[in-house]
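Okay, so here's the structure we're looking at.
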Amino acid sequence: MTLDTVKHAAETPEAEQPWAELGLKQDEYARIREILDRRPTGAELAMYSVMWSEHCSYKSSKVHLKQFGEKVPENDAMLVGIGENAGVVDVGQGYAVTFKVESHNHPSYIEPYQGAATGIGGIVRDILAMGARPVAVVDPLRFGAADHPDTKRVLPGVVAGIGGYGNCLGLPNIGGEVVFDACYQGNPLVNAGCIGVMKHEDIHLAKASGAGNKVILYGARTGGDGIGGVSVLASETFDDTKPTKRPAVQVGDPFQEKLLIECTLEVFKEQLVAGIQDLGGAGLSCATSELASAGSGGMRVELDTVPLRDSSLSPEEILMSESQERMCAIVEPDKVGRFLEICEKWDVIATVIGEVTDGTRLEIFWHGEQIVDVPPRSVAHEGPTYHRPYARPDWQDALQADDAGKLARPATPEELRAQILQVVASPNQASKAWITDQYDRFVQGNTVLAQPEDSGMIRIDAETNLGVALATDGNGRYAKLDPYAGAQLALAEAYRNVAATGAKPLAVSDCLNFGSPEDPAVMWQFAEATRGLADACQTLGTPVTGGNVSLYNQTGEVAIHPTPVVAVLGVIDDVNRRTPVAFAEEGQLIYLLGDTAEELGGSAWSQVVHDHLGGLPPKVDLERERLLAEILISASRDGMADAAHDLSDGGLIQALVESCLRGGKGARLVVPEGVDPFVFLFSESAGRAVVSVPRSEELRFTDMCGARGLPATRIGVVDGDAIDVQGQFSIALSELRTAHEATIPGLIA
Amino acid sequence: MARVVVDVMLKPEILDPQGQAVQRALPRLGFEGIADVRQGKRFELEVEGPADDAALARIREMAETFLANTVIEDFTVRVEAGS
Amino acid sequence: MARVVVDVMLKPEILDPQGQAVQRALPRLGFEGIADVRQGKRFELEVEGPADDAALARIREMAETFLANTVIEDFTVRVEAGS
Amino acid sequence: MTARIGVVTFPGTLDDRDTQRAVRVAGAEAVPLWHRDKDLKQVDAVVLPGGFSYGDYLRAGAISRFSPVMESVIAQAKDGMPVLGICNGFQVLTETHLLPGAMLRNESLHFVCREQKLRVENADTAWTTDYTAGQEISIPLKNIDGRYVADARTLDMLEAEGRVAFRYLTDGEAADGYGNPNGSLRDIAGITNEAGNVVGLMPHPEHAVEPLIGTGRTDGLGFFTSILKKLVNA
Ligand SMILES: Nc1ncnc2c1ncn2[C@@H]1O[C@H](COP(=O)(O)OP(=O)(O)O)[C@@H](O)[C@H]1O
Ligand SMILES: [Mg+2]
């Protein structure tokens, strides 16, 4: 095959090109021709097609995501906002923290182990590219029904992949989620998040400036893996009848990535890097065009210098390859030598593949012949924008009218007791230890809290005890009932989880998992969820610093529940003050904070006992969330509460069971006068938490709640080895433990 | 009883970090002249009854659906000589 | 170029949980009649030059000191037919 | 004057910085050692920390064993220099044959991360004098290739010579950290060489030296205070 050079393209305007196979629409192809004023070469077509895919260009979502930048709350913590590899926030004492959540959903369905592993690898490189040392990962996961045979294939593979990669990198896994629902059967969600820490002056950006600076590609050799993965894999709905559409999956090499991390941190430390970008989706196409687009000039790349694993790769394939464990750095000429030396020290292959020019074009050459000559912004930042039609689905009213309040309730204390055991043992409410015990949570020696605590917490300075906390949450059932409220509830829950550990919520990242944007109903869910999240972030003062959108999560015509996953980052001045979940001291008083209304729509109880989804999700009261968080943080700082646990799915009883089992202590409880025990235990009203208060602190604590106007109800005492609800029932901890802990191993192991 | 061996190797286009790690270590250990190393899995199956065509067909199916992950791996099935 | 294969298997007296896990799963997948499964490693080495006695001797030494841990593993070395 | 304790970094080592911190928490000086360097910088003892050196490809510890630094470590260990191998470091020590036996994939085939209860069986090694024989401790454990095996003769010899240094405690609730987490023969968690200067174990004492971090217990600190006392008093 002859090389399709720029010259050749100009001379052969009529040549047929496979734009449709590469996922481009007719008008998009026409626009490329207009931009270039000729037909694109094969290499250019490859670049535009991957970079203009949904996954890379956010073409369906960006008109909605704009709100995150427009409705910015007052918050001076934000150092780098949306648009970079990850956002950066100031956490004090000269430290900055970067964090982000991303999806690797589709690859993980095809090849669970490698899909999930490379998901961790990708998010870690994003964090590294900001200049930070990665210090922890989290993994919000969604699978199909727990008893479905395919879940037995997908879940163990995903978990082994996340563990296999993250453990080998030496990153503690400090949190995440595991949710089962039939709607994810053909489309599991594998989201992965990472936190990194640096000093303010170490922040690095993805831009290529300074004519004459060298472009260095370093890390793994480039192979034929994942070619076209971005455009084909991430933008197409699965269709079982077309297995040929499944491109080669990518295989990760965590050892290589560990070397890449250490090597990169060392070149940062010696200030050898003027700009840097990780290679993720769209590989070199993305890295070169984004670096050049964000920089001041142009870029020239000699593509034939790229070290290959497979010498038969064509230039188009090299540009599109998604081989893992690669980075691209911009380095001043006199620093190149030292840069290469450090790479050699870490056994990392590094090659100068080009340089920054004082022109305006991204130019790529193959053995001396020009195959790409494009304005980089047109590839990286000026892709298509769709205003997709959206409409509230016609079934939404009926769904909301199907009120969970009508469902049959337990008639006797015995029935209530039985339903509690049933809920606590249900796959979504059961202990996830079988999964999380496969993740290293101790490595790096800075883990203050990890799962099953409300949020993970990492000490970032051993002298001052400064720490950061991270929690991720999302409830697709709530979001299905009301996507606007559902997104806000996800934020509220993560915010509450961070505050429950004593950390002050600072900033937000998100991963928005939805069905096909070509379906107006899905697009409406997306629009509502982003609007809800943006509004709530503004109210709570926690800006969205970055995130990820994953669309086309559906099997055939059926979309997953809209699943916005929200991560909240918090800061704590002294990790000694952190509050764990466990009730550890007999005699301490148990207080319920917040108000309990009858709210069962989308609840765990309605799902487990009645297999029902309908009605409205719990009401959102963001001012109440803020007040609750303030109280929880004060209680932690001033030593007024020894344990705290937020209330979410499963309601009060779920939280009590978790706190009791974790501490190995029981609780004697009294249902407040005039309250229905069933509602008291199972309602999922938001804005609530339970705390255990030492008797000596009771007055101080209740005074504080009273003065600030937060309802605090004394509901019992830590005592014995059972959960005993006066006049209702008693369940031994041992019985609860078996119910809670046997489920997942029984289903999956 | 017959012994059937199923060899499972990563497809040639798939990255093989294990094989690469071995290959890179060899020169350091003083072993030169090895141009490439690939590492895979070997399963030894003891079959009750003869390793006839029917048995081999079943084992091939087993390899296809279970022993190998054909998204990334190839396999071969053979009766071990002398068994 | 010649291809030499080194097979490394756990010694028979060493518990092989990977092989056992495979064996236990087989009946559930509808495969009967497999009495035992052992899982080991297969290395494919591409040798520069001929796979003559000298080369094989070196590879045997490599297997002995490096590719296998002879405290727990046995190995065999052979030239792949057709190469 | 304090003791200088070397901590080796191989490519893929993970717990080197934690181990250095543990050495410092105990009051000794931590000296980073690099795998390509034969020079041990006149340290008084060496720790081979945990991680996935060379990705644990081939076998855990198999490739690291051949690094230049190990040539020196092996030679000096034979001359009596104290060496502690933690997790991956233990795997390296068995691969070098400084300690007998070998490590295999966990019986469960899964990576396991948990708080683990152990009994210190031998409190006379260079690394365990701050414990008492029979003392029960609880420290983090995290591995996928942690199943210790050796032939029966070797095991009998280890038992007879008191060289089983640590054993997993099995009679209690898994939730409380009891149980043999990986299927190690005779519940062996760690062993020592004949001279007592070379010790290897799978669990991670360096993750249990500060009250707030990890499990919130400091049961692992004794390893580092033991060696410090020995070296300072020497
Ligand atoms: N896949 C996972 N990886 C790590 N931690 C997890 C995972 N799934 C759940 N967890 C942890 O288990 C605990 C309980 O999870 P969950 O019930 O979702 O918490 P909550 O409802 O308070 O948000 C949390 O600490 C969470 O971080
Ligand atoms: Mg929580």
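By convention in this document, chain letters (A, B, ...) are assigned in the order of the sequence lines, proteins followed by strands, and residues within each chain are numbered from 1.
Here the CG atom belonging to B:Leu67 is positioned 7.0 Å from the CG atom belonging to C:Leu26, to the nearest 0.5 angstrom. How far CG of C:Asp16 is from CD of B:Glu44: 9.5 Å, rounded to the nearest 0.5 Å. Considering CE of C:Met62 and CG of B:Leu29, their distance stands at 8.5 Å, rounded to 0.5 Å. Residue C:Asp7 holds its CG atom at 6.0 Å from CG of B:Asp7, rounded to the nearest 0.5 Å.
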- [ ] Might you work through the side-chain contact (heavy atoms from CB on, under 4.5 Å) test for C:Val47 and B:Ile34, ending with a clear yes or no?
- [x] CA-CA 5 Å; C:Val47 183; B:Ile34 305 293; 4.2 Å; yes
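Heavy atoms closer than 4.5 Å to chain B are found in both the backbone and the side chain of C:Glu61. If you measure heavy-atom distances from C:Phe66 to chain B, the contacts under 4.5 Å come from the side chain alone.
Of all heavy-atom pairs spanning C:Phe43 and B:Gln39, the tightest one is CE2-OE1, 3.3 Å.
No side-chain heavy atom of C:Phe31 sits under 4.5 Å from any side-chain heavy atom of B:Leu45.
Looking only at heavy-atom pairs under 4.5 Å with chain B, the residue among C:Glu46, C:Arg42, C:Glu48 that has the most is C:Arg42.
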